[in-house]
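These notes concern the structure reproduced below.
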Amino acid sequence: MSSFLEKIICLGDQGYQGIQKLHKSSQTPHKKQKKELSQKHKKENRDLVYIRIVVEHMYRFFYF
């Protein structure tokens with residue numbers, strides 16, 4: 001059972017910044033520090049947002 005849970009990826013927004021301590025396979029957006037994000041981090045954030053939007057739109061069909 002634990003190997004199954006390790007394969008699950010948890011996607012979160014910036015409100016879930018501490019989730020990596022509890023779930024190693026979680027992904028949250030990179031936070032902008034004092035300087036701008038690199039192009040690589042911006043692309044990773046866009047990719048993550050795109051996946052989250054698709055999933056959240058699927059929730060709409062199940063709950064409404």
Side-chain angles (χ1 to χ4, degrees):
M1 181 75 163
S2 65
S3 64
F4 174 73
L5 294 177
E6 291 171 359
K7 294 178 183 178
I8 295 175
I9 298 173
C10 178
L11 304 176
D13 58 13
Q14 287 188 345
Y16 292 94
Q17 288 296 320
I19 193 95
Q20 282 111 357
K21 295 176 186 173
L22 300 173
H23 192 276
K24 300 297 182 199
S25 298
S26 62
Q27 295 180 358
T28 57
H30 298 283
K31 290 174 39 175
K32 181 169 55 170
Q33 302 297 326
K34 294 183 181 190
K35 59 181 183 174
E36 287 291 318
L37 291 174
S38 67
Q39 292 298 322
K40 177 185 173 193
H41 286 160
K42 286 182 181 180
K43 182 181 179 332
E44 289 173 358
N45 284 351
R46 279 193 307 270
D47 293 344
L48 180 61
V49 168
Y50 175 76
I51 294 169
R52 286 189 58 240
I53 288 172
V54 171
V55 171
E56 289 178 10
H57 284 182
M58 292 300 293
Y59 286 152
R60 178 179 57 174
F61 292 112
F62 293 120
Y63 292 111
F64 297 110

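Nearest heavy-atom pair, K42 versus L37, reported as atom, atom and distance to 0.1 Å: CE-O, 3.6 Å.
Remark: S38 OG to E44 CD distance equals 7.5 Å, nearest 0.5 Å. Here D47 contributes atom CG and R52 contributes atom CZ; the two are 13.5 Å apart, rounded to the nearest 0.5 Å.
The main-chain N or O of P29 is never found under 3.5 Å from a side-chain atom of N45 such that the two would form a donor-acceptor pair.
By the 4.5 Å heavy-atom criterion applied to side chains, H41 and K32 are not counted as neighbours.
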Note to self: Test salt bridge (Lys or Arg N to Asp or Glu O under 4.0 Å) on R60 and E56; report intermediate values, then the result.
What the structure shows: CA-CA 7 Å; R60 178 179 57 174; E56 289 178 10; over 6 Å; no

